Amino acid sequence: MDFNRRTLVAGAGLGIAGRALAAAKRTVDLGLPGGPNTRSLDPRFPQKGDMIVQRLRPPLLETPFEVFDNGVFTPNDRHFVRWHYSDIPTSIDVAGYRVAIHGAVKAPQSLSLGEVLKAGDHVECAAVNQCAGNGRGLFEPRVAGAQWANGAMSNAKWRGVRLRDLLDKAGVGAGAKFVRVKGLDNALVGDSPHFAKSIPIDVARRDKTIVAFAMNGQAMPLLNGFPLRLIIPGWFSTYWVKMLSDIEVLTVPDDNFWMATAYRMPTVAVKPGDKGFPTVPITTMLPRSFITSHVDGTTVKSGERLTIRGIAMGGDAGVAKVEIVGRDRSVLALLEKDEGSFSFRRWSATVFAGRESIISLGTRCTNTSGVTQPDVQPWNPSGYARNVVEYIALRVA
Ligand SMILES: Nc1nc2c(c(=O)[nH]1)N[C@H]1C(S)=C(S)[C@@H](COP(=O)(O)O)O[C@H]1N2
Ligand SMILES: [Mo]
């Protein structure tokens with residue numbers, strides 16, 4: 001892998017991000033219940049193909065939904081992008097790049113990229129990277145925050161070294177409880193808290209908690225965290241810290257803003273306007289599934305035999321089954337190749353278009369832990385963890 005060449009490519013273009021292209025506007029309609037719905041596909045960002053531009057600074061780029069029909073692995077140039085702060089390095093000095101390991105450790109480290117790559121076996125894991133706010137724009141009543149449709153998720157084969165092997169180089173001290181990670185991005189305003197996330201030490205030491213240097217066999221695009229990012233399969237990607245530069249072992253729970261205030265889920269049922277309810281940090285993902293072969297509103301012929309295709313994910317477990325939910329019956333989908341518990345899994349099913357004028361089709365995934373997608377989405381004020389059964393309507397002509 002040619003990291004140096006990547007650096008040049010990575011550095012070449014971020015500056016043009018704010019300049020709208022002169023060509024005709026290319027837009028998409030997201031179909032969100034609360035609107036506004038029009039988003040631009042321009043400008044293009046470095047190392048990225050057509051993406052739905054949710055925000056320019058910092059870049060929030062949504063994967064156009066049709067990409068998910070092409071295969072279970074999202075191409076790197078279509079992998080969604082989310083940053084909290086716009087002070088993101090536009091190039092990485094690979095030779096000078098260091099990862100600090102400090103806190104409750106016996107021997108603090110400052111590792112070069114080469115040292116990180118040599119710290120242990122290289123392991124690979126297919127895993128869905130999904131923002132906790134994926135599908136937030138579909139919440140009703142509407143909630144504040146980036147109005148994503150369902151494209152703030154992507155799947156890749158991640159390759160890297162185990163975080164455990166890096167921690168063991170430093171020697172984790174007695175009483176270690178959490179591991180806090182940070183990247184090279186900075187808050188624009190001095191007193192805003194640096195983006196930092198903490199995970200329990202047992203999660204940090206799992207076989208599949210990886211400091212990744214490659215996705216789908218290539219160095220990561222800069223916007224997806226080049227040259228190193230954390231991967232915690234089954235957990236929401238808020239913990240998957242990009243441009244990883246700092247690993248700190250803590251003996252007490254982390255009270256930084258991004259753990260104590262942001263990214264928390266109510267532990268009780270809540271409704272708009274509720275205050276003072278108990279919350280915990282959001283952690284693991286839930287099962288989800290989507291039809292990718294047909295878009296909402298497609299016209300089909302009466303009597304037609306339809307092959308419906310889609311993707312499913314189990315969340316923090318594998319996909320056990322996917323049901324296609326019709327008006328008065330449901331059928332089991334055929335599950336295709338298993339790329340591992342944390343990957344998208346392709347499924348297909350056959351459905352007949354009968355005499356009804358509209359066919360409503362939903363998909364419900366159950367994971368190998370027995371967790372099933374709900375029929376009604378529990379509401380929360382941050383619009384996190386949407387996983388309700390999603391429906392499309394087909395018109396019969
Ligand atoms: N350094 C850094 N890492 C980060 C973030 C960030 O703002 N800074 N955002 C997190 C969040 S909330 C998400 S959803 C994912 C998005 O990963 P992606 O841009 O590769 O899709 O990055 C995570 N890692
Ligand atoms: Mo996120």
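Counting begins at 1 with the first residue of the sequence. Quantities reported herein were computed from a predicted structural model and do not represent experimental measurements. Read the numbers this way: they start at 1 and go in the same order the structure lists the ligands and their atoms.
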Nearest protein heavy atom to [atom], by residue and atom, and its distance?
{"atom": "atom 14 (S) of ligand 1", "value": "Ser237 OG, 3.0 Å"}
{"atom": "atom 19 (O) of ligand 1", "value": "Lys242 NZ, 2.4 Å"}
{"atom": "atom 21 (O) of ligand 1", "value": "Phe80 O, 2.6 Å"}

Taking only heavy atoms of [X], which atoms of ligand 1 are found under 4.0 Å from at least one of them?
{"X": "Asn129", "result": "17 (O), 18 (P), 20 (O), 21 (O)"}
{"X": "Val81", "result": "19 (O), 21 (O)"}
{"X": "Cys131", "result": "14 (S)"}
{"X": "Tyr263", "result": "12 (S)"}
{"X": "Val241", "result": "1 (N), 3 (N), 24 (N)"}

Is [Y] paired with [X] through a side-chain N to carboxylate O contact shorter than 4.0 Å?
{"X": "Arg364", "Y": "Asp375", "result": "yes"}
{"X": "Asp42", "Y": "Lys25", "result": "no"}
{"X": "Arg205", "Y": "Asp202", "result": "no"}
{"X": "Arg98", "Y": "Glu115", "result": "no"}
{"X": "Glu339", "Y": "Lys337", "result": "yes"}
{"X": "Asp50", "Y": "Arg26", "result": "yes"}
{"X": "Lys48", "Y": "Asp77", "result": "no"}
{"X": "Lys197", "Y": "Asp254", "result": "no"}

Kindly indicate, with the supporting measurements, whether the criterion ring pair (Phe, Tyr, Trp, His ring centres under 6.0 Å) is fulfilled by Phe68 and His79. CA-CA 10 Å; Phe68 300 119; His79 197 108; 9.7 Å; no

Return a yes/no value for [X]: is any of its N or O atoms, backbone included, closer than 3.5 angstrom to an N or O of ligand 1?
{"X": "His84", "value": "yes"}
{"X": "Trp240", "value": "yes"}
{"X": "Gly183", "value": "no"}
{"X": "Asp185", "value": "yes"}

Does even one non-hydrogen atom of Tyr85 get within less than 4.0 Å of ligand 1?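 Distance cut 4.0 Å: Tyr85 fails for ligand 1.
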
Return yes when Arg229 approaches ligand 1 closer than 4.0 angstrom through a heavy atom, no otherwise.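 It does, in that a heavy atom of Arg229 comes within the 4.0 Å cut-off of ligand 1.
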
Separation between OH of Tyr239 and OH of Tyr263, rounded to the nearest 0.5 Å: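 Nearest 0.5 Å value for the OH-OH distance: 10.0 Å.
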
May I ask which of Glu62, His79, Arg82 has a heavy atom nearer to atom 16 (C) of ligand 1 than the others do?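 Residue with the shortest heavy-atom distance to the ligand atom: Arg82.
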
Where does Leu244 meet ligand 1, judged by heavy-atom distances below 4.0 Å: at the side chain, the backbone, both, or neither?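 Answer for Leu244: neither.
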
For ligand 1, is any non-hydrogen atom under 4.0 Å from Phe195's backbone (N, CA, C, O), its side chain (CB onward), both, or neither?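 The answer is the side chain.
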
Between His194 (side chain) and Leu184 (backbone), is there a donor-acceptor pair under 3.5 Å?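 No, the answer is negative, given that no donor and acceptor are paired below the 3.5 Å cut-off.
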
